[in-house]
Chemist: 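Quick one: the structure is below, and I'll ask about it shortly.
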Amino acid sequence: MIEAAAETYQVDAQSIVSINGIETFYGRITGNARVLDALTTLAFHYPSDRTRDRSEFFTKELMEYMLLGPE
């Protein structure tokens, strides 16, 4: 998956892994909100003072997340 992203976005795979490591403090920070809950909230209850595009973005991300789930 990392190699595919690196090729798609023309970024070194090492850079992707490094950024992910820094953002998660190398796995020690995993967050305390479930992804499904966060995406659902952002897709359907995005603050009204924000643009509609953000809600559409998170709706798409929610659908992609659901497609990754078990069959």
Side-chain angles (χ1 to χ4, degrees):
M1 186 167 44
I2 291 171
E3 288 296 330
E7 185 175 323
T8 299
Y9 299 105
Q10 299 179 354
V11 176
D12 292 333
Q14 295 87 350
S15 296
I16 295 172
V17 172
S18 297
I19 291 168
N20 186 54
I22 291 168
E23 290 295 320
T24 65
F25 201 50
Y26 294 92
R28 286 181 260 182
I29 301 172
T30 58
N32 57 3
R34 295 181 339 152
V35 172
L36 181 60
D37 293 341
L39 288 175
T40 301
T41 298
L42 291 167
F44 298 109
H45 303 290
Y46 205 83
S48 61
D49 63 331
R50 305 296 176 135
T51 64
R52 178 182 160 115
D53 292 341
R54 298 302 290 167
S55 179
E56 290 174 6
F57 170 78
F58 286 112
T59 299
K60 181 180 175 248
E61 293 298 304
L62 175 60
M63 290 304 297
E64 293 293 330
Y65 179 77
M66 293 176 79
L67 290 172
L68 290 173
E71 296 181 26

Chemist: Sequence neighbours left out, what pairs pass side chain to side chain donor-acceptor pair (under 3.5 Å) with at least one residue falling in residues 15-31?
Modeler: none
Chemist: Cluster partners of Val17, using ILVMFWY side-chain heavy atoms under 4.5 angstrom, listed by chain and number?
Modeler: Ile2, Tyr9, Val11, Ile16
Chemist: With clusters built from Ile, Leu, Val, Met, Phe, Trp and Tyr whose side-chain heavy atoms come within less than 4.5 Å, directly or transitively, what are the remaining members of the cluster of Ile29, listed by chain and number?
Modeler: Phe25
Chemist: Less than 3.5 Å apart, which donor and acceptor atoms pair up between the side chains of residues 58-69 and the rest of the protein, not counting sequence neighbours?
Modeler:
| unit_1 | atom_1 | unit_2 | atom_2 | d |
| --- | --- | --- | --- | --- |
| Thr59 | OG1 | Ser55 | O | 2.8 |

Chemist: What pairs with Asp12 under salt bridge (Lys or Arg N to Asp or Glu O under 4.0 Å), at least two apart in sequence or on another chain?
Modeler: none
Chemist: Could you pull out all donor-acceptor pairs under 3.5 Å where a side-chain atom in residues 31-44 meets a protein atom, sequence neighbours excluded?
Modeler:
| unit_1 | atom_1 | unit_2 | atom_2 | d |
| --- | --- | --- | --- | --- |
| Arg34 | NE | Asp37 | OD2 | 3.0 |
| Arg34 | NH2 | Asp37 | OD1 | 3.0 |
| Thr40 | OG1 | Leu36 | O | 2.7 |
| Thr41 | OG1 | Asp37 | O | 3.0 |

